[in-house]
Asks: 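Sharing a structure below in structure tokens format, with a few things to ask.
The sequence lines fix the lettering, A, B, ..., with proteins before strands; numbering per chain opens at 1.
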Number of protein chains: 2
Amino acid sequence: MWIIISHNMADALDQIFSALADPTRRQILVMLLEDDMAVTDVAEPFEISLAAVSKHLGILASAKLIQQERRGRVKWCKLDPQAMHIAWTWMQGLGQFEHIDLDGLEAFLEETLKKD
Amino acid sequence: MWIIISHNMADALDQIFSALADPTRRQILVMLLEDDMAVTDVAEPFEISLAAVSKHLGILASAKLIQQERRGRVKWCKLDPQAMHIAWTWMQGLGQFEHIDLDGLEAFLEETLKKD
DNA sequence: TTAATCGTCAACCAGATGGTTGAATATTCT
DNA sequence: AGAATATTCAACCATCTGGTTGACGATTAA
């Protein structure tokens with residue numbers, strides 16, 4: 001299986017990876033793994049403003065990592081696995097992983113944790 | 001089933017995903033899939049300056065997506081699959097694309113992170 | 001109708017990012 | 001030694017990013 005990297009594909013990867021590069025946005029995705037949520041509820045655990053969270057959600061939506069649907073005055077957010085799958089597949093092509101390399105993960109973690 | 005995301009893990013993901021967010025850097029990674037390369041050779045197909053490419057390589061190296069080794073006046077760059085694997089595993093947890101033993105991963109991570 | 005809630009918009013700000021150029025540092029070749 | 005090659009450094013610049021605040025439109029509740 002190989003990946004044709006079109007212009008559009010590159011654009012999509014730009015958006016997906018830069019969306020994933022922010023820890024707040026990653027945390028939002030993890031929260032949405034549990035359940036669909038309204039914007040206000042997504043914002044609740046964060047210390048930043050609602051407007052900032054709304055922007056984060058907009059970025060996630062335009063990267064197609066989430067879908068948003070307005071019902072009444074509430075805008076529901078849910079995960080959309082498609083975009084993540086695209087990036088994941090691209091990475092798989094580069095890493096040629098097949099299984100989870102726990103030894104590598106352990107080595108990484110030990111290396112990183114030493115620095116505390 | 002849950003994944004404990006340590007402080008350092010989040011930092012690592014920040015670096016990895018923002019490194020991957022740039023199309024030049026992604027293209028460099030694809031080039032290195034073929035073969036290890038010197039900085040000048042990496043820079044050759046790009047229209048930007050050598051210094052700019054050197055910076056990109058520095059970013060990839062500090063995200064641990066590549067390793068750099070100086071031999072004489074030449075600095076060789078090669079892929080380092082470890083970091084990509086970390087991000088890939090994180091994404092897999094979110095996308096649930098294929099079967100993966102998250103319980104085992106969780107146990108492993110909790111065990112490792114206890115050492116803090 | 002009036003008041004409260006949900007979310008976005010617009011303007012603004014500080015800091016990060018990706019690029020440039022020219023000088024500097026090693027290292028290797030002649 | 002002197003010249004060429006490989007790479008980085010430093011200063012600078014324009015643009016992007018993530019945050020703020022206050023005002024605003026839309027929807028629901030009293």
Asks: Distance check needed: dT5(D) P versus R70(B) CZ, whole Å only.
Replies: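 Those two atoms, CZ and P, are 16 Å apart.
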Asks: Looking at D14(B) and R26(A), does any basic side-chain N land under 4.0 Å from a carboxylate oxygen?
Replies: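 The answer is yes: the pair qualifies as a salt bridge.
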Asks: Between I16(B) and M84(B), is any pair of side-chain heavy atoms under 4.5 Å apart?
Replies: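 The answer is no; the side chains never approach within 4.5 Å.
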Asks: Does S49(B) reach a base, just sugar-phosphate, or nothing at all? Heavy atoms under 4.0 Å.
Replies: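 S49(B): base contact, heavy atoms under 4.0 Å.
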Asks: Mind checking if A51(A) touches a base, just sugar-phosphate, or nothing, with heavy atoms under 4.0 Å?
Replies: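 The answer is base, as A51(A) lies within the cut-off (heavy atoms under 4.0 Å) of a base atom.
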Asks: If you look at every heavy atom in L57(A) and I66(A), which pair is closest and at what distance?
Replies: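 Shortest heavy-atom separation between L57(A) and I66(A) comes out as O-CD1, 3.6 Å.
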Asks: Could you state the atom-to-atom distance from CZ of F17(B) to C1' of dT17(C) in whole Å?
Replies: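 So the two atoms are 19 Å apart, to the nearest Å.
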Asks: Hey, is the side chain of T40(B) poking within less than 4.0 Å of OP1 or OP2 on dT7(D), counting only N and O atoms?
Replies: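 For dT7(D), OP1 or OP2 has a side-chain N or O of T40(B) closer than 4.0 Å.
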Asks: In terms of the angle between their ring planes, are H85(A) and W88(A) parallel, tilted or perpendicular, with boundaries placed at 30° and 60°?
Replies: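 Ring orientation of H85(A) relative to W88(A): tilted.
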Asks: Report the distance from atom CZ of R25(B) to atom C1' of dG19(C), rounded to the nearest whole Å.
Replies: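 In whole Å, dG19(C) C1' lies 12 Å from R25(B) CZ.
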Asks: Rounded to whole angstroms, how far apart are CG on L50(A) and C1' on dC24(D)?
Replies: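 Rounded to whole Å, this separation is 14 Å.
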Asks: In whole Å, what is the span from the CG atom of D22(B) to the C1' atom of dA16(C)?
Replies: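 Nearest whole value for this atom pair: 14 Å.
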Asks: Rounded off to whole Å, could you give me the CG-to-C1' distance for the L57(B) and dG18(C) pair?
Replies: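 These atoms are roughly 14 Å apart.
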Asks: Can you tell me if the side-chain N/O atoms of K75(A) get under 4.0 Å from OP1 or OP2 in dT8(C)?
Replies: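 Yes, because at least one side-chain N or O of K75(A) sits under 4.0 Å from OP1 or OP2 of dT8(C).
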Asks: So, OP1 or OP2 of dT17(D): does either fall under 4.0 Å of a side-chain N or O from H56(A)?
Replies: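 Checking dT17(D) against H56(A), no side-chain N or O comes under 4.0 Å of OP1 or OP2.
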Asks: When the distance from CZ of R73(A) to C1' of dA4(C) is rounded to whole Å, what number comes out?
Replies: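 Answer to the nearest Å: 7 Å.
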Asks: If you check every side-chain atom of V39(B), which of dG19(D), dT7(D), dG19(C) has the closest atom?
Replies: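 Between dG19(D), dT7(D), dG19(C), the one nearest the side chain of V39(B) would be dT7(D).
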Asks: Round to the nearest Å and state the distance from I48(B) atom CD1 to dT15(D) atom C1'.
Replies: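 Going from CD1 in I48(B) over to C1' in dT15(D) covers 16 Å.
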Asks: Is I86(A) reachable from L94(B) through a run of I, L, V, M, F, W or Y residues, each pair having side-chain heavy atoms under 4.5 Å apart?
Replies: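 Same cluster.
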